[in-house]
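Below: the structure, in structure tokens.
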Amino acid sequence: MGTALIYDEEMTKYKLLWVDPVCNIEVPERLTVSHDALVKTGLADRCVAVPVREATDADILLVHSEEYLEAVKTTPYMTLEELKDFTLQYGDVYFHPNIYHCAKLAAGATLQLVDSVMTGKVRNGMALVRPPGHHSMRSAACGFCVFNNVAIAARYAKQKYGLKRVLIVDWDVHHGQGVQYCFEDDPSVLYFSWHRYEHQKFWPQLRDSDYDSVGKEKGAGFNINVPWNKVGMKNCDYLSVFCHVLLPIAYEFSPELVLVCAGFDAAIGDPEGEMRATPDVFAHLTHLLMNLAGGKVCAVLEGGYNLTSLHQSVCQTVQTLLGDPAPRPANLDGPCTSALESLHCVRAAHRQYWSCLKHAAELPTSNISTKCIKVTEGEEEKQETGEEEKSAEEETWPEPPKRFPPPVSTAVVLPEGVACPDGCKRFSSSEDPAIVDKLREKFLPESDDSDALTTLCSLTGLVEEMEKNEIRNGLALVRDVSMAMMCVVQHAATAHHDRVLIVCVGDAVVPSQGTDDGKTLLVQFSNKESEEQKGKFHIHVCLKKGCSDVSGFTQAVLGLLLPLGYEYDPSLVLLVRTPGSGLSDGAWQQLTGLLQGLAQGHTLVLMPEGEKACVGPTASSLLGVAAPPLGKLHAPLPEDVAALERLRLGLQADWKLLHTTAPETGGGGEEH
Ligand code: Q6P
Ligand code: ZN
């Protein structure tokens, strides 16, 4: 199951023909540099090349009016003066004799991508297109957009494949108001957008772009706007919104297809966005979506005007779609105050629609929503002084390091008689007598269980191979998970793993000694009454029904474990499943899949010998196969919601990525 790449040079064959400082950033080179970078890095070769096609009138009419389509159809025959005039009736867009042709190809390319994914020809894919789409409306071009590629694709997918739920994630830095207007009253299409807003001072300056536009009528709750009221948002701000807004809602919604309005103007160096997220963040944003909808993710290019950060971000996205491990997330120093304000407002606005947000702070948002009026009425908000402000174009950032997938994806340590799953490699390390002696002394002092010793020996070898990046991840069936866990943790410390995240599912005797030095972070899920918190690095998540309630468990994973994991930034993830954890295969696969965004995919899974049946599903998640969808989630148990919220609040002092509220509105947080 591959990754589709859809591109056609024809879409570079139109450009701005007159002087217009607003439109001169939308250049053909945006496509050529992106495509060239994919070719040069060898990524294009690894994709399945799918040809473009022209969208038909019927396709276009799924979203646009006949009058508008007919009007656009006349543009190829216009003179320069007529084109200029035609352009004037719309905002921030230009026409060219060849743009109608390209707009048909852009929409058609998007539909080809949807077809390739929906028919199972590929798992996921990306379409590099011009003109972009998310601003165009039923009867209007806008913001460089002629036809709304992604909106057309959503309607097409619903019609042709009978889909009931489509998620559109718009990570472009502008608000795709065209998409919002198209699906505002439609609960079958969930639209999420973050965008530079600055209390309505930033283009397109719409009141409708604020967090309180949640959708209308039946579609109420299915439009999610995250307005950025300051520039300079960073990786941490983006990831925080994914963990605390988008992912919980998306998992509750359970889409059958994910469409991404993949603009890259939210990246550093972009003159439009003026944000400061580095290109590698798109690897994580992509990865975090790849376990939704059974992995059916279609990314469609929208904006992105700094040619360097654009091509770097496109490569990060495509490489992640191809399944290569994401780079370690860097500099997650906590979301800024303004981002936390936005986060708080969005969660508050949506709490009545989504059970995952039922507990969202009931704190006031009015002081934030009215700010726009205050700001436009009176003095400009004063910019913080101190550091010299750099213009977006002067920003510099290191090129994202090359991502090398290890030669072996998944190694397994299994007892004889348990078959090695397809695609995995059986692992055993040569038994160095010195190491064997040490292991026996430490872990099996008065036993001559040579099988157990061999297993421990293999585990330590496996950890070393992961450290050397020879093996990506691994899975072991062991007799005593607690002992194996101790052994791996101790060995990891000597094998130069700086930090190990231990995720323990179910009740196990976990070592409490040595878990407060920061070298390990232990997060344990169980139904055992939560004893008092054991410190920053030993976190006990207590759920009433343990891990058997999928909703509560998912909520804990998305809102607690992921932010903790991202902030901790481990070099190894140790995922431990204890006997009788009660976790369903589906939820376990989601957990396994999501955790691989950390530690460059270096996850070692330890499972009890009795759970042979789980080897197959686990291996498949480790190999990068998307987890099966969990289905629409019901509301988690109220007592679990309350307990999780208490835990999150208690941990906020130590972990900034757990914040969902700005200091003035409650909670902690810091200005960047
Ligand atoms: C930006 C228009 C704003 C002037 C303010 C899919 C891509 C896009 C288009 C942005 C249009 N000018 N300086 O459209 O969202 O990036
Ligand atoms: Zn944009």
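Starting from 1, each residue takes its place in the sequence as its number. This structure is a prediction, so every number in the text was calculated from the model and none was measured. Both ligands and their constituent atoms are indexed starting at 1 by order of listing.
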At a 4.0 angstrom heavy-atom cut-off, what protein residues surround ligand 1? V22, D92, P132, G133, H134, H135, G143, F144, C145, D172, H174, W203, D265, E272, E302, G303, Y305
Only protein N/O/S atoms count here: give how many lie under 2.8 Å from the Zn ion (ligand 2). 4
Please report whether the ring centroid of Y238 lies less than 6.0 Å from that of W228.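 They qualify: ring centres under 6.0 Å apart.
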Minimal non-hydrogen separation, R403 against D324, with atom names: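 It is NH2-O, 3.1 Å.
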Which heavy-atom pair separates P132 from N149 by the least distance, and what is that distance? C-ND2, 3.5 Å
For [X] and [Y], take the angle between the two ring planes, folded into 0 to 90°, and tell me which bin it lands in: parallel under 30, tilted 30 to 60, perpendicular over 60.
| X | Y | value |
| --- | --- | --- |
| F86 | F95 | perpendicular |
| H175 | Y191 | tilted |
| W171 | F282 | tilted |

Option among Y197, F144, F202, F264 that satisfies the ring-ring contact (aromatic ring centres under 6.0 Å, His included) test with H174: F202
Out of K218, K158, R165, E256, which residue meets the side-chain hydrogen bond (donor to acceptor under 3.5 Å, both in side chains) rule with S188?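 Among the candidates, only K158 passes.
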Would you check if the side chain of H287 reaches a backbone N or O of G597 as a donor-acceptor pair within less than 3.5 Å? yes
